[in-house]
Student: 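So that we are looking at the same thing, I have put the structure below in structure tokens.
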2 protein chains.
Amino acid sequence: MARKTSLKDIANKVGVSTSLVSYVLNNKDKENRVGKETADKIRKAAKELNYFPNLNARSLKTNISHTIGLIVADISNPFFSSLARTIEDEAYARNYTVIFGSSDENNDKFIKVLDFLSTRQVDGFIVASPEESRETVLGLKESNVPLVLIDRYFSDIVVNTVMVDNFKASFEATNHLLNKGHKRIGAIVYESTLLHYQDRCNGYLEAMKQAGIVDGTQFLAKVNHQSLQTEIQEAVQKLIFEDKVTAIYFSTNTIATEGLKQIKNVGKKIQEEIDVVAFDENLIFQFLDVHVPFVSQPIKKMGQEAVRILIDQIENKDQGIINVLLKATLETKEKLQKVN
Amino acid sequence: MARKTSLKDIANKVGVSTSLVSYVLNNKDKENRVGKETADKIRKAAKELNYFPNLNARSLKTNISHTIGLIVADISNPFFSSLARTIEDEAYARNYTVIFGSSDENNDKFIKVLDFLSTRQVDGFIVASPEESRETVLGLKESNVPLVLIDRYFSDIVVNTVMVDNFKASFEATNHLLNKGHKRIGAIVYESTLLHYQDRCNGYLEAMKQAGIVDGTQFLAKVNHQSLQTEIQEAVQKLIFEDKVTAIYFSTNTIATEGLKQIKNVGKKIQEEIDVVAFDENLIFQFLDVHVPFVSQPIKKMGQEAVRILIDQIENKDQGIINVLLKATLETKEKLQKVN
DNA sequence: TACTTTTGCTTAAACGTTAAAGCAAAATGG
DNA sequence: CCATTTTGCTTTAACGTTTAAGCAAAAGTA
């Protein structure tokens, strides 16, 4: 691979010092009293030699790499890849690139990715922190690297966050079912230490409690991330046949997918026999003969806010700790029809 | 953000020169005759000071950034995000990070992303080149940056590629329908200059031709990427009601999703009334009451091969131009049942 | 004319690394 | 015991930038 052209190459060609070239190409020629003619010659030569600055060198000198690190649970998960996309767009627009890594909900992998990216001198991190990562995030925060937590948070770590109001959305989703007259409403949630998942769980429980119908924990199934498929299979069967629920709330995308499959598998008609509501949009909803109400997350807004906060922090337009709490809205059939 | 510890900090602490520290931490202490005790002291100090090398500085010196650039059409598209994931895993395992960008099937954006990543001194590119990007890819190739094209190719540009045999897979998919006795088989493909899409189209046409039943072009609907939804709507209606096809081949993931929706919308039963086959797996297949045969792409293998070829090239284990053609297999109901 | 100011440039040092070259002291060999 | 080799380290320069400081010539002022 041929060596790229450097400031020095341009300087030699024009017959000036590299400093002048640097000033001109950074559009600081006016402040630094570079002659108009020389400036033009330099710009022309830069074009001719197809010059691109070496950002590593610049970063070494300026300590700003214009790169942000994005760590999510799994980039191939549609929620995170959509998030990644909006983060990419926003970052590019601000002249930043993004390096990414997946943690697989595993703190050790998370640490590995963090080290990997630190080594690349990223200017800051946008992080969806995995299970068991409290200490790691705390350490990260204490290292004073600009940091924004997205999607997940820790109640006792004061740091920038961009979150969705999971509790409220869950509460509303459950209420939707309650309002339709259901009393025996099941819920399937992740067995997880992650607070945002617990919020979803608590939103459901609170709605049930306020409705005063029954102790919600009775109809609550917690499933494990690893053995999702079999556990959801069991959960759906238990809820339907033992607990005789008439509706189920699925608290995540993946749970909804598997859960709906199971309802079909056990021979029940979705919505007619077992009413449902889900957290997160899902392509498959379009293929059910009925409309599944779902909690829609403002992914684009989340990504934009996260990048904005992070870059402001990096560039010292610092405004202290910022916590953005976005509203996730329940999309029902009625609501959609109103739009059309 | 507190300054990170550098080689110099360690050198000062131990009381030696930075060179020694560099040798030791790069495990070149033996070759460079560093005393055992000093080496131990250096390693200890590095631990204590929580040293991480500055890869920008190293890269500046060595001209190797251990970063690869990944450019796809859209990272939020499930095919590409899955690909990104396997590329990430493979790259990390080889001590490389990946920076990504989406081209949106647009050559100008593609060029912008390329420049952006070049500037970051990536060691090489894995690229799913967008529409109208022949000249750009040619230029990239001529710049001698290590490069692997993935998913898409140009017949007249000799460069590393990792492809799937689209023609053959399409041919087999169409034959599957022919073997079931269908004669009037429609196909919906992208109107595109991208050869891999054309290959899919040609695979269909060739199968139809060999079957000698009818001129396939008659049942071929080309749809535009931009106005997908409406065009597929029209295409499906035309194929079913005017051309009286009894089966349809969907040549991409997105086309299949929209196409299947339309079949339902016009009141036809999938498979019973209109038989189908699709290119690429799709979550929604699980939600149809019938099994949709589909062409399964070896995404993991694609990512692994691309990274392997690229890094070998970067590290000069150069083996000339490599073209990998992977087989995409038709997954039918019968086949799946054999596995279980 | 003799000064100050402005203009247009160069020099030099630094960022954190790597690695070739150099150099003294200790160890070895005959 | 002197010459050679080995050992253990340092010095130096370089990668491509940025930027403060410096300096001579031209222009302005009085």
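Given the structure is predicted, the values throughout are model-derived calculations rather than measurements. Naming convention: chains lettered A, B, ... in sequence-line order (proteins, then strands); numbering from 1 in each chain.
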Student: Quick one: is C:dC9 close enough that its OP1 or OP2 comes under 4.0 Å of any side-chain N or O from A:Thr38?
Tutor: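 For A:Thr38, the contact criterion (side-chain N or O under 4.0 Å from OP1 or OP2 of C:dC9) is met.
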Student: By the definition side chain to side chain contact (heavy atoms under 4.5 Å, CB included), identify the one residue from B:Val159, B:Ile311, B:Ile309, B:Ile322 that meets it with B:Val148.
Tutor: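 Checked B:Val159, B:Ile311, B:Ile309, B:Ile322 against B:Val148; only one passes side chain to side chain contact (heavy atoms under 4.5 Å, CB included): B:Ile309.
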Student: Would you check if B:Thr67 and B:Val98 make a side-chain contact, meaning some heavy-atom pair closer than 4.5 Å?
Tutor: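 With C-beta onward as the side chain, the pair stays apart.
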Student: Atom CG of A:Asn56 and atom P of C:dA14: how far apart are they, to the nearest Å?
Tutor: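 Between P of C:dA14 and CG of A:Asn56: 22 Å.
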Student: More 5' along DNA chain D: A:Phe52 or B:Ala39, using each one's nearest nucleotide?
Tutor: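 That would be B:Ala39.
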Student: Please state how far atom NZ in B:Lys8 lies from atom C1' in C:dT18, giving the value in whole angstrom units.
Tutor: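 One finds 15 Å between C1' of C:dT18 and NZ of B:Lys8, rounded.
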Student: Whole angstrom is fine here: how far is it from CG in A:Leu49 over to C1' in D:dG16?
Tutor: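 The answer, rounded to whole Å, is 15 Å.
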Student: Specify the residue among A:Val16 and B:Leu60 whose closest nucleotide of DNA chain C lies further upstream toward the 5′ end.
Tutor: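 Comparing both residues, the 5'-ward one is A:Val16.
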Student: Does a salt bridge link B:Arg85 with A:Asp104, judged by any charged N lying under 4.0 Å from a carboxylate O?
Tutor: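 A salt bridge is present here (some side-chain N lies under 4.0 Å from a carboxylate O).
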Student: Are B:Asp115 and B:Ile111 side-chain neighbours, meaning at least one heavy-atom pair lies under 4.5 Å?
Tutor: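 SC-SC contact between B:Asp115 and B:Ile111 confirmed.
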Student: Hey, are A:Arg152 and A:Glu105 close enough for a salt bridge, meaning a charged N less than 4.0 Å from a carboxylate O?
Tutor: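 Yes, A:Arg152 and A:Glu105 are salt-bridged.
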Student: B:Asn54 has an atom CG; how far is it from atom C1' of D:dG16, in whole Å?
Tutor: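 So the two atoms are 14 Å apart, to the nearest Å.
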Student: Can you tell me how far C1' of D:dG8 sits from NZ of B:Lys30, to the nearest Å?
Tutor: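 Going from B:Lys30 (NZ) to D:dG8 (C1'), I get 13 Å.
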Student: Output the rounded distance in Å from CD1 (B:Ile42) to C1' (D:dG8).
Tutor: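 From B:Ile42 CD1 to D:dG8 C1': 11 Å.
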Student: Salt-bridged, A:Asp312 to A:Arg94, with N to O below 4.0 Å?
Tutor: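 Looking at A:Asp312 and A:Arg94, the cut-off is met.
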Student: Summarise how protein sits on nucleotides 18-26 of chain D as a single string, 5' to 3': B when a protein heavy atom is under 4.0 Å from the base, S for sugar-phosphate-only contact, - for no contact.
Tutor: BBB-B----
Student: When you check the gap from the basic side-chain N to the acidic O, do B:Lys112 and B:Asp108 get nearer than 4.0 Å?
Tutor: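 Salt bridge between B:Lys112 and B:Asp108, a charged N being under 4.0 Å from a carboxylate O: no.
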Student: Whole Å only: how far is the CZ atom of B:Arg120 from the P atom of D:dG16?
Tutor: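 Checked: the CZ to P distance equals 18 Å.
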Student: Identify the heavy atoms of A:Asn26 and A:Arg58 that sit nearest to each other, and give their distance.
Tutor: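 Smallest interatomic distance, heavy atoms only, reads OD1-NH2, 3.5 Å.
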Student: Any idea how B:Phe100 and A:Phe100 line up, ring-wise: parallel (<30°), tilted (30 to 60°), or perpendicular (>60°)?
Tutor: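 The rings of B:Phe100 and A:Phe100 stand perpendicular, inter-plane angle above 60°.
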Student: Take the C1' atoms of the five end pairs on each side of the helix from C:dT1-D:dA30 to C:dG30-D:dC1, derive the two axes, and give their angle rounded to 10 degrees.
Tutor: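 Taking five pairs per end, the axes differ by 50°.
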Student: Between C1' on D:dG8 and NZ on B:Lys41, what's the gap in Å once rounded to a whole number?
Tutor: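 Interatomic distance, NZ of B:Lys41 to C1' of D:dG8: 12 Å.
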